[in-house]
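Below, each value reflects all heavy atoms present in this structure, side chains not excepted, and no hydrogens, waters or symmetry copies. In listed order, ligands and their atoms are each counted from 1.
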Amino acid sequence: MLEITDIPTEGYESVKRAVDTTTGLHAIISVHSTVLGPALGGMRLWAYETEGDAIFDVLRLSKGMTYKAACAGLDLGGGKSVIVGDPAAKTDDLFKSMGEFVESFGGNYITAEDVNTKVEDMAAVNSKTQHVVGLAGKSGNPSPYTAWGCFIGLRACMEEAYGSSDITDKVIAIEGAGSVGSAYAKLIADAGGKVVVADIFDESAQKVAAATGGIVVSPDAIRSVECDVYAPCALGGSINDETIPGFKSRIVCGAANNQLLEDRHGKALKEAGILYGPDYVVNAGGLINVYNELGPEGYEEQRALGMMDKIYDNLKEMFAISKEEGICVARAADRFGERRIEAVREGAVN
Ligand code: NAD
């Protein structure tokens with residue numbers, strides 16, 4: 001039996017907890033904003049130590065989704081869900097129960113895959129709600145598209161930092177050889193870049209290295225390895241007081257959400273002379289792809305890929321705002337997104 005309770009949270013439209021003792025579900029859904037449209041964001045399954053950790057994560061992630069959709073020009077708000085649990089023990093019943101939780105938002109929250117949730121899990125969610133995207137036979141797994149968006153972002157960062165978007169012989173240090181990291185590595189290698197990779201599961205890193213002619217380093221070493229680009233593709237918070245002094249790269253451009261441990265680390269990167277491709281701008285490819293599943297025309301890959309090209313121009317505009325206003329790129333990206341949300345809120349555009 002699913003029990004849903006409110007977690008009133010300032011600055012958020014709706015945050016709720018669901019517990020189902022029959023299926024073992026313990027989850028939080030956070031809807032940060034629906035100003036631009038229904039809140040869309042993935043469903044993360046993680047063995048959080050405390051519920052407080054899960055709430056902290058889902059609040060940051062859902063807010064990030066608001067900015068991600070706004071910057072990508074999508075008519076979507078920001079939301080996210082997290083399930084507290086052991087990824088190795090997931091069941092169809094758990095996801096069905098989660099589907100009921102999603103359904104209780106009446107379409108204000110739309111879910112999709114995220115860390116430790118896959119297309120098959122979304123099928124179980126879909127048995128209880130229509131408010132799910134990234135389904136098999138439609139836009140499918142968003143990860144390759146997220147990787148493609150990162151690659152577009154990487155070229156924009158290269159042009160800004162080196163005056164050319166050419167990746168040949170540039171060294172990209174990828175932290176996390178998962179769904180996105182492995183696909184991103186392949187795109188980089190195909191474009192002539194050199195891959196250095198690390199994962200807490202050595203086997204995953206070895207596979208990526210074998211597929212790309214890259215090399216493996218330990219997860220402890222990846223953040224301070226000699227490279228042109230540090231690409232965080234694991235979990236968030238890897239840009240912080242401890243890691244920034246050790247970075248050898250000129251660019252940070254990767255897929256992980258919430259890469260900056262705190263907002264001030266965006267400024268710290270600027271002061272260290274490191275160009276930042278803001279996470280929610282660079283990793284919007286997957287969101288853009290699933291968004292294309294929602295319209296009445298149905299999913300079309302070419303239309304989705306065309307929309308992803310905008311990541312390049314948006315980043316160039318953010319770099320320009322950063323220079324003009326003397327602010328870090330992370331803040332410039334926030335401004336870029338906020339301007340669109342405010343314009344829609346005030347009815348200036350739709
Ligand atoms: P994933 O679970 O497939 O991959 C994550 C990988 O990181 C795993 O292989 C894991 O073992 C590894 N890892 C975890 N901690 C690590 C550490 N400290 N050092 C090195 N490796 C570590 O997840 P994914 O779908 O590839 O997503 C990666 C990141 O990108 C996440 O932060 C996710 O929120 C973000 N993201 C993903 C998508 C998408 O389409 N999948 C979209 C936007 C953002």
List every atom of ligand 1 that sits less than 4.0 Å from any heavy atom of [X], numbering the atoms from 1 in the order shown and giving each element.
X    : answer
G178 : 3 (O), 4 (O), 6 (C), 9 (O), 26 (O)
D114 : 34 (O)
P142 : 40 (O)
A256 : 29 (C), 30 (O), 32 (O), 35 (C)
R44  : 32 (O), 33 (C), 34 (O)
F201 : 11 (O)
N257 : 32 (O), 33 (C), 34 (O), 35 (C), 36 (N), 44 (C)
A234 : 7 (O), 13 (N), 14 (C), 15 (N), 16 (C), 21 (N), 22 (C), 28 (C), 29 (C), 31 (C), 32 (O)

**Study point:** Verdict with reasoning, D75 to R340, per salt bridge (Lys or Arg N to Asp or Glu O under 4.0 Å)
**Key:** CA-CA 11 Å; D75 296 331; R340 178 156 179 253; 3.0 Å; yes
Check your understanding: Is the shortest distance from a heavy atom of S143 to ligand 1 less than 4.0 Å?
Key -> yes
Point to revise | Heavy atom of S179, distance to ligand 1 below 4.0 Å | key: yes
Revision key, fill the gap. So CG of L260 and NZ of K267: to nearest 0.5 Å the spacing works out to 13.5 Å
Using a 3.5 Å cut-off on N or O atoms only, is [X] in polar contact with ligand 1?
X    : value
A255 : yes
D199 : yes
K118 : no
N283 : no

Practice item. Give the single entry among V282, L45, V180, T117 that approaches atom 37 (C) of ligand 1 most closely by any heavy atom. Key: V180
Review point. Taking non-hydrogen atoms only, is Q259 closer than 4.0 angstrom to ligand 1 via side chain, backbone, both or neither?
Key: neither
Exercise for review: Taking the six-membered ring of Y162 (Phe, Tyr or Trp), confirm whether the NZ or CZ of R250 is under 6.0 Å from its centre and within 45° of its axis.
Suggested key: yes
Review point. Could K118 and F95 be counted as a cation-pi pair, given that NZ or CZ must be under 6.0 Å from the ring centre and within 45° of the axis?
Key: no
